[in-house]
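Single-structure report; data block below.
Note: hydrogens, waters and symmetry copies are ignored here, and every other heavy atom, side chains too, is used. The first residue in the sequence is number 1, and the count goes up from there.
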Amino acid sequence: MNNLLPLQAISPHMIRVFHPQSFEDAQEAINAMKTDDMLLVNLAALENKLAQRLTDYLAGSTFALSGERMEIGRGVFLFAPPSFLISRMMAST
């Protein structure tokens with residue numbers, strides 16, 4: 001059993017959970033995505049104007065990197081670099 005690798009060794013990718021407090025925090029998130037990490041961003045606690053500004057900036061930066069964006073819930077977004085594909089699944093009724 002000494003030859004087993006931890007799951008982290010299989011993929012160098014990460015999902016980073018990000019709770020920005022100001023617009024200046026957005027650059028840190030974009031830098032993470034440039035290193036091929038996916039971002040789960042929670043803007044729910046921010047005032048609407050700042051949350052919209054951050055959403056626009058992150059969405060534009062994701063588009064410039066050829067990535068994808070998806071709203072997961074109210075104020076919660078997934079931003080993925082181009083190495084990730086986001087697939088939408090609908091529950092069957």
Side-chain angles (χ1 to χ4, degrees):
M1 292 286 196
N2 291 335
N3 62 348
L4 296 178
L5 295 175
L7 289 176
Q8 279 182 308
I10 294 172
S11 174
H13 302 291
M14 294 179 69
I15 297 175
R16 296 183 185 253
V17 179
F18 187 57
H19 296 270
Q21 300 300 312
S22 69
F23 185 77
E24 289 73 29
D25 294 338
Q27 189 58 49
E28 179 184 345
I30 297 306
N31 289 340
M33 199 161 45
K34 285 180 182 178
T35 63
D36 229 18
D37 291 341
M38 188 180 295
L39 302 173
L40 184 62
V41 181
N42 187 343
L43 304 171
L46 299 177
E47 69 173 47
N48 288 341
K49 188 174 181 178
L50 177 58
Q52 184 63 54
R53 188 172 175 216
L54 281 165
T55 302
D56 292 345
Y57 180 77
L58 293 171
S61 298
T62 301
F63 179 79
L65 294 171
S66 299
E68 293 186 63
R69 157 182 122 54
M70 177 189 289
E71 186 170 7
I72 303 298
R74 186 176 191 130
V76 179
F77 297 89
L78 185 65
F79 295 95
S83 59
F84 285 88
L85 296 176
I86 298 176
S87 176
R88 299 175 197 271
M89 293 179 59
M90 300 300 280
S92 59
T93 55

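- For A32 against R16, the heavy-atom pair with the smallest separation is CB-CD, 3.4 Å.
- By the rule that hydrophobic residues join a cluster once side-chain heavy atoms approach within less than 4.5 Å of another member, L50 and I30 end up as members of one cluster.
- Contact record, I86 with E68: N-OE2, 3.4 Å, taken as the closest heavy-atom pair.
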Q: Step by step, work out the side chain to side chain contact (heavy atoms under 4.5 Å, CB included) result for V17 and N42.
A: CA-CA 8 Å; V17 179; N42 187 343; 5.9 Å; no
Q: Go through the steps for L58 and F77 under the test side chain to side chain contact (heavy atoms under 4.5 Å, CB included), then give the verdict.
A: CA-CA 10 Å; L58 293 171; F77 297 89; over 6 Å; no
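- By the 6.0 Å contact criterion, CD1 on I15 is open, its count of non-hydrogen atoms from other residues, nucleotides or ligands being 12 or less.
- Sequence neighbours left out, the pairs with a member in residues 56-76 that pass ring pair (Phe, Tyr, Trp, His ring centres under 6.0 Å) are F23-Y57.
- Taking each heavy atom of A29 and L39 in turn, the nearest pair found is O-CD1, 3.3 Å.
- Nearest heavy-atom pair, R88 versus M70, reported as atom, atom and distance to 0.1 Å: CG-CE, 3.3 Å.
- Annotation: N48, atom CG; neighbour count of heavy atoms from other residues, nucleotides and ligands within 6.0 Å does not exceed 12.
- Going from atom CD of E47 over to atom CZ of R53 covers 10.5 Å, rounded to the nearest 0.5 Å.
- Nearest heavy-atom pair, M38 versus F84, reported as atom, atom and distance to 0.1 Å: CE-CD2, 2.9 Å.
- In the displayed structure, E28 atom CD is contacted under 6.0 Å by at most 12 heavy atoms of other residues, nucleotides or ligands.
- Contact detail for P20 and L46: the closest heavy-atom pair is O-CD2, 3.4 Å.
- In the hydrophobic clustering of this structure, L54 groups with L65; members are Ile, Leu, Val, Met, Phe, Trp, Tyr whose side-chain heavy atoms approach within less than 4.5 Å, directly or through other members.
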